[in-house]
Amino acid sequence: MSLSNPLDDILTEHSDPDDLLAAINAEIHRSTLDALNGALPLDVHSRYSAVKERRLAEIADAARIIYVILIEAKIDGVLAGAVADKVKEGIAALTTHNDYTRGIASIA
């Protein structure tokens with residue numbers, strides 16, 4: 001990526017519209033973080049890091065609890081047919097995408 005205009009590089013490197021949109025969003029996110037990090041004093045950075053670590057641990061603990069509840073759910077005794085199948089599909093999707101820390105990582 002060139003220092004002159006990162007958008008030019010993104011436009012030439014990505015032809016797929018979805019890929020292009022993801023690359024532009026990533027560049028906006030990176031640029032925003034760079035501007036924010038450049039504007040904040042060092043003591044704010046250190047205090048934020050401590051809060052982030054503590055919150056990340058709390059979210060990870062809660063995610064483990066949610067995961068255990070979802071994988072131990074007893075659907076068959078309560079639901080039947082298409083409804084039970086749909087609930088099982090939803091639980092399977094939730095247990096495979098269980099990274100609840102992405103919200104914190106998205107602003108770090």
- Applying the 4.5 Å side-chain criterion to the ILVMFWY set and letting contacts propagate, would Val83 and Ile91 be lumped into a single cluster? yes
- Closest contact, heavy atoms only, Glu27 versus Ile10: CB-CD1, 3.5 Å
- Query: Under 4.5 Å between any side-chain heavy atoms of Thr12 and Asp8, yes or no?
  - Reply: no
- Quick one: pull up CG in Leu21 and NE2 in His14 and give me the separation to the nearest 0.5 Å. 11.0 Å
- Could you state the interatomic distance from CG (Leu36) to OH (Tyr48), rounded to the nearest 0.5 Å? 8.5 Å
- Message: I need the Leu7 CG to Ile28 CD1 distance, nearest 0.5 Å.
- Response: 8.5 Å
- Taking the side chain as every heavy atom from C-beta outward, state whether Val51 and Arg47 have any atom pair closer than 4.5 Å. no
- Can Val87 be reached from Ile66 by stepping across I, L, V, M, F, W or Y side chains whose heavy atoms are under 4.5 Å apart? yes
- Nearest-0.5 Å distance that lies between atom NE2 in His29 and atom CG in Asp34: 10.5 Å
- Query: Would one find more than 12 heavy atoms of other residues, nucleotides or ligands at under 6.0 Å from atom NZ of Lys86?
  - Reply: no
- Item | Straight-line distance of Tyr67 OH to Glu72 CD, nearest 0.5 Å | 10.5 Å
